[in-house]
Amino acid sequence: MADQTPAPETPRARDFIRELVADDVATGRFGRAPATRFPPEPNGFLHMGHAKSICLNFGIAREFGGTCNLRFDDTNPFTEDAKYVEAIKRDVAWLGFTWDGEFYASDYFERLYEIAEGLVTRGKAYVDDQTEEQIRTNRGTVTSPGTPSPWRDRTPAENLDLLRRMKAGEFEDGARVLRARIDMAHPNMVMRDPLLLRIRRGAHHYRRGTSWQVFPLYDFAHGLSDAIEGITRSLCTLEFKDNREIYDWLVREAGFASPPTQIEFARLELDYTVLSKRKLLRLVNEGHVAGWDDPRMPTIAGLRRRGVRPEAIRTFAETIGVARKDARVEIAIFEHAVRDDLNMEVPRRLAVLNPVKVVLTNYPEGQVEQLEAQDYPHDVPRTGTRTIPFSRELYIDRDDFLEDPPKKFFRLSPGNEVRLRFGYIIRCEEVVKDAAGRIVELRCTYDPETRSGGANSDRKVKGTIHWVSAPHALSCEVRLYDRLFRQPDPDDVPEGQDFLAALNPESLVVIADAKVEPTVAADPVGTRYQFERTGYFMTDVVDSAPGRLVFNRIVGLRDSWAKELKKG
RNA sequence: UGCCCCUUAGCUCAACUGGCAGAGCGUCUGACUCUGGAUCAGAAGGUUCCUGGUUCGAUCCCAGGAGGGGCAACCA
C-alpha cells in the first residue's frame, strides 16, 4: 500500500497495420524481417499526408527491426524532375528518418521489360494497336462490361516482335501499348486488361535521358518494384484498394516466391488546407503562395520554414494513427502537437507586436535598470536567465489596454494596475490621444517597491503583461501566418467554383514594425522563441539577417481570452 | 455486371479477434499565478447507422437495408 506501484508500461495502442506486421513476425510468413518502403513520385514536394506515410513506413521498420527503402516511383518522364528528388530526400532526412536503400523505379525498367516479354511469351499480355480513345471506350463502364480489343488474340510470336520493336523505338507515341490479358468483363475495372507499357519516344526522362522509350505504368511498376526489393508489406492509401488485385496478379505471374502484400490505409485530410500535389502545384504555379516552402503551405518544406519541428510532426502522425476509413483531422490536433513540442523546448522572450507607448512619469529620466528574466516558466524543466533593460519609456501591446474595459479584463485600463512581466506594477494615470482620437501614449506611474524578486514584490495584481523598453527595443518584421483557407473543407464551394475560392485573404498579415527585446540580436537565424502571451516564433531562415529581423509566427498560444469574449 | 471499402463520444481512433464500450483532442468546471493566451485537476458526453437472425450473451458473426467514399487517366 505504502509504495507507489509504478505505472505499468502500457504498450502503445497498435493499429491494424502493426498488428498484421506483428503477425508476420510471429508466423514467419515472409521468412525475413519486415521490409517497407516509401515510394514518392518526384513530381512535387512532400506534404503532411506524405509525412503520415513516412512515419508509418519508417516507424514500422524501426519498431520491428526491419528495413525501409526510399524509392522514387519515377515512371512518368513528363512530370518528374531531379529537383524534386533532392527536395524529397532532404525532407525525409529532416523528419528524422534514414532509409536503408535508395532506389529508383527507373533503374528497374530493363527488369520490368524482361517480365513483360515473359508475360507475352505465355500469352498473358498483348500489344494493342487501338487508339487511346478506343481503349477508353472499349473498357466499358462500371455497370457494363468492356469489349475485347481486335488485337487481343495476336499470337505470342507476333506480340513479342511488336514489343521488341516498341522498345526499339519503331513506333510513334500512342501507336501501340502493351496490355495484360486478363478479362475485359471483370467487375473490377482495374482488371480489364490494364495497360503495362506505353511509348514515350520523344520524352526526356530526368534519369534515363531519351535512351529509354517504353515506360511502365503505375500498376506494372509498383508491385514489381516492391517485389524486386524484397518488400514484405507495401503500404498505400485507400484509393489503391482496387489495384491490389492487379498487384497480386503481376507479382504472381512474374514468379516471385514470397511476394509482398499491399495494405491500404486512409489518406490524411486536414482541415483548412489541401493535401493534394495537384492542388499544391496550382497554389505555387498561380502565385497564391510564394513557393513550395511558403510557411502557409502544408508541405514539409513550408512547415520547416515556418518553424515547426520534426518532433511535432512525428507526434502528430502518431496521434492521428492509421485507419481503414476516411479521416478528416481537425487542425487543432496539429496545432496542439506543435505547441506541446515547442512549450518544452524554446526560450521565452518579450515582444510587442502592436506597440503603444507607455511613459512612467515617476521613473527617473535617463535611468536604466537591468532586470533578470527567466527563459522558461517554472513548469518547464529547463533553466536559463537573461537580463533585459527597463527604462522610463516602454511599449506595451495595444490590445493590453482598454479605456473602457469589460468585466474580467485584467490588463491595463485607466486608474487600474497591472504587473509588467519581470518588472514593476504600474498604474495608468492618463490617456493621451491625437486629433483623430487615437491613443498615442499612456502616462503611468510605477510602484518602486514591487520590482520582481525584490523585498515587496509579492503584492498581487490581477494581470501581468509583456513590454519592451522603448529606447532599447529592436524593430522587427513579424509575419503572422494563419490558415490558408477560411473553411475546414476548401473543396466545399458552390457549383462552378474551385478550392481557390476558399483561400483565406488574411493567411498572411505582415507587421512591419514590431518591437522585440534586444537579447535576440545575437541569436542565429532560425532560432525559435515563445513571445510571452503571444505565440511561438522563429526568425525566417531566408529573409532574416543581422540588422533586419524577420519573425514567422509558427503558431499562436491557446486563446482563452477570445473564448471568454465570445461567452460575453 | 457493377465491384470494393467504411459507419463506435463533437473530432480521430481503441475494445486482446463473442463477455460491464475506453483513450487523446475538443468542450465545461475548478485550482494556481509574475504568461488570466502558460500549467494542473476533475466532470460531462453513447440507441456502437437501422431492421432482423444465431447465441446464455453481439460493437464483433450472418442476412437485408440506409448513409459516406473509391474505381471507367497511355497519372500515381
Side-chain angles (χ1 to χ4, degrees), chain A residues 10 13-15 19 39-41 43 73 75-76 78-79 128 130-132 135-137 139-146 173-179 185-192 195-200 215 217-219 221-222 236-245 264 266 271 277-278 318-330 332-337 339 343 348 350 373-374 377-380 399 408-411 418-423 425 450 452-453 457-466 530-535 556-564:
Chain A
T10 47
R14 285 229 164 123
D15 53 70
E19 276 174 22
E41 185 188 9
N43 67 347
D73 215 351
T75 57
N76 185 352
F78 288 155
T79 57
D128 193 349
Q130 292 183 107
T131 64
E132 194 171 336
I135 289 174
R136 193 165 30 243
T137 307
R139 183 145 28 221
T141 72
V142 290
T143 52
S144 61
D173 286 13
R176 292 189 162 92
V177 291
L178 182 74
R179 301 179 71 175
H186 202 287
N188 180 354
M189 296 293 294
V190 171
M191 296 299 277
R192 317 246 260 229
L195 276 64
L196 267 24
L197 252 23
R198 83 278 215 180
I199 302 168
R200 289 284 175 268
F215 291 87
L217 280 98
Y218 169 81
D219 282 322
H222 194 82
C236 66
T237 45
L238 246 26
E239 69 269 25
F240 293 102
K241 181 64 204 268
D242 291 336
N243 300 63
R244 188 158 95 201
E245 208 168 348
E264 308 84 13
D271 279 356
K277 269 199 261 185
R278 193 183 56 78
E318 243 179 71
T319 303
I320 59 175
V322 288
R324 241 180 303 221
K325 64 178 173 185
D326 298 326
R328 176 162 280 280
V329 177
E330 291 175 15
I333 307 284
F334 177 64
E335 291 172 350
H336 178 266
R339 283 189 203 106
N343 178 40
R348 273 60 175 173
L350 301 183
Q374 307 294 321
H378 62 91
D379 50 6
V380 169
D399 291 346
K408 287 185 149 183
F409 182 82
F410 298 136
R411 287 118 94 169
V418 74
R419 173 172 285 283
L420 296 178
R421 179 81 161 146
F422 307 121
I425 292 172
T450 57
S452 286
S457 69
D458 52 352
R459 184 154 78 80
K460 301 294 182 207
V461 289
K462 281 287 192 180
T464 301
I465 63 172
H466 56 278
Q530 184 197 101
F531 290 161
E532 295 212 12
R533 305 208 311 131
T534 302
L557 263 23
R558 275 181 61 208
D559 197 344
S560 56
W561 172 245
K563 222 176 346 185
E564 188 71 28

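Quick note on labels: first sequence line is chain A, next is B, and so on, each numbered from 1. Below, each value reflects all heavy atoms present in this structure, side chains not excepted, and no hydrogens, waters or symmetry copies.
Between the side chain of A:K241 and the base of B:rG70, no donor-acceptor pair under 3.5 Å is found. Judged by distance alone with a 3.5 Å cut-off, a donor-acceptor contact links the side chain of A:Q530 to the base of B:rU35. In terms of polar N and O atoms assigned as donor or acceptor, the side chain of A:R348 comes within less than 3.5 Å of the base of B:rU35 in a complementary pairing.
Within 4.0 Å (heavy atoms only), A:K462 reaches at least one base atom of the nucleic acid. Within the nucleic acid shown, A:F240 comes within 4.0 Å of at least one base atom, counting heavy atoms only. The residue A:I320 sits close only to the backbone: its heavy atoms come under 4.0 Å of sugar-phosphate atoms, none of a base. Among the atoms of the strands shown, none is found under 4.0 Å from any heavy atom of A:N43. At a threshold of 4.0 angstrom between heavy atoms, the contacts of A:Q130 include nucleobase atoms, whether or not backbone atoms are also involved. At a threshold of 4.0 angstrom between heavy atoms, the contacts of A:T75 are confined to the sugar-phosphate backbone, with no base atom among them. Contact annotation for A:R328: backbone-only contact, meaning every heavy-atom pair under 4.0 Å involves sugar-phosphate atoms and none involves a base. Residue-level contact check: A:G321 touches neither bases nor backbone, having no heavy atom under 4.0 Å from any strand.
Inspection of the A:D242 and A:N188 side chains reveals no N or O donor paired with an N or O acceptor under 3.5 Å.
Taking atom P in both B:rU39 and B:rC49, one finds a spacing of 35 Å when rounded to whole Å. When the C1' atom is compared between B:rG68 and B:rG30, the two are found 40 Å apart, to the nearest whole Å. Nucleotides B:rA66 and B:rC50, compared at atom C1', are 7 Å apart to the nearest Å. Taking atom C1' in both B:rU55 and B:rU59, one finds a spacing of 16 Å when rounded to whole Å. One C1' atom belongs to B:rA14, the other to B:rG37, and the distance between them is 33 Å to the nearest Å. One P atom belongs to B:rG69, the other to B:rC28, and the distance between them is 31 Å to the nearest Å. Taking atom C1' on both nucleotides, B:rC16 is separated from B:rA72 by 42 Å, rounded to a whole Å. Using atom P as the reference point in both B:rG67 and B:rG24, the two lie 36 Å apart (nearest Å).
What separates CZ of A:R136 from P of B:rC71 is a distance of 16 Å, to the nearest Å. For A:R411 and B:rU35, the CZ to C1' distance is 11 Å, given to the nearest whole Å. Atom CG in A:D219 sits about 11 Å away from atom P in B:rC74, given to the nearest Å. Rounded to whole angstrom, the span from the CD atom of A:E239 across to the P atom of B:rA72 amounts to 11 Å. A:F334 places its CZ atom 21 Å from the P atom of B:rG24, with the value rounded to the nearest Å. Atom CD in A:E532 sits roughly 8 Å away from atom P in B:rU35 (whole-Å rounding). Nucleotide B:rU33 holds its P atom 17 Å from the CZ atom of A:F422, rounded to whole Å. Look at CZ on A:R419: it is 18 Å from P on B:rC32, rounded to the nearest Å.
Pairing for B:rC11 is with B:rG24, a Watson-Crick or G-U wobble pair whose two hydrogen-bonding atom distances lie under 3.5 Å. Nucleotide B:rG52 is matched to B:rC62 when pairs are restricted to Watson-Crick or G-U wobble geometry with both distances under 3.5 angstrom. Base pairing annotation: B:rC32 forms no Watson-Crick or G-U wobble pair, as no partner gives both donor-acceptor distances under 3.5 Å. For B:rU17, there is no paired base (Watson-Crick or G-U wobble, both distances below 3.5 Å). Across all strands shown, nothing is found opposite B:rA73 as a Watson-Crick or G-U wobble partner with both distances under 3.5 Å.
The side chain of A:R139 sits closest to B:rA73 out of B:rU1, B:rA76, B:rA73. Checked against B:rA38, B:rA76, B:rC6, the side chain of A:K325 finds its nearest nucleotide in B:rC6. Comparing B:rU35, B:rA72, B:rA76 by their nearest atom to the side chain of A:Y218 picks out B:rA76. Counting only heavy atoms from C-beta on, A:T464 has its side chain closest to B:rU35 among B:rA72, B:rU35, B:rC74. Candidate nucleotides B:rU35, B:rC71, B:rC6 were compared by shortest atom distance to the side chain of A:D242, and B:rC71 ranks first. For A:I333, whose side chain is taken as the heavy atoms from C-beta onward, the closest listed nucleotide among B:rG2, B:rG24, B:rA76 is B:rG24. Of the candidates B:rC75, B:rA72, B:rU35, B:rC75 carries the atom nearest the A:L217 side chain, counting heavy atoms from C-beta on.
Rounding to the nearest 0.5 Å places CG of A:L557 at 4.5 Å from CD of A:Q530. Distance CZ/A:R533 to CZ/A:R348: 14.0 Å, rounded to 0.5 Å. For the atom pair A:R179 CZ and A:I135 CD1, the distance stands at 5.0 Å (nearest 0.5 Å). Atom CG of A:N243 is separated from atom CE of A:M189 by 12.5 Å, given to the nearest 0.5 angstrom.
The 5' end of RNA chain B is approached more closely, in terms of each residue's nearest nucleotide, by A:T534 than by the other of A:R198 and A:T534. Each of A:A323 and A:L420 was matched to the nucleotide of RNA chain B holding its nearest heavy atom; the match closer to the 5' end belongs to A:A323.
Using modelled atom types, no side-chain atom of A:R198 and backbone atom of A:D173 make a donor-acceptor pair closer than 3.5 Å. In terms of modelled atom types and a separation under 3.5 Å, the side chain of A:R192 and the main chain of A:T141 share a donor-acceptor contact. Of the possible donor and acceptor atoms, none in the side chain of A:T79 sits under 3.5 Å from a partner among the backbone N and O of A:N43.
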Report task. Could you walk me through whether A:H222 and A:D73 pass the side-chain contact (heavy atoms from CB on, under 4.5 Å) test, one step at a time? Result -> CA-CA 7 Å; A:H222 194 82; A:D73 215 351; 3.1 Å; yes

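Under 4.0 angstrom from either OP1 or OP2 of B:rG36 there lies no side-chain N or O belonging to A:R421. Phosphate proximity of B:rC13 to A:T319: absent, as no side-chain N or O sits under 4.0 Å from OP1 or OP2.
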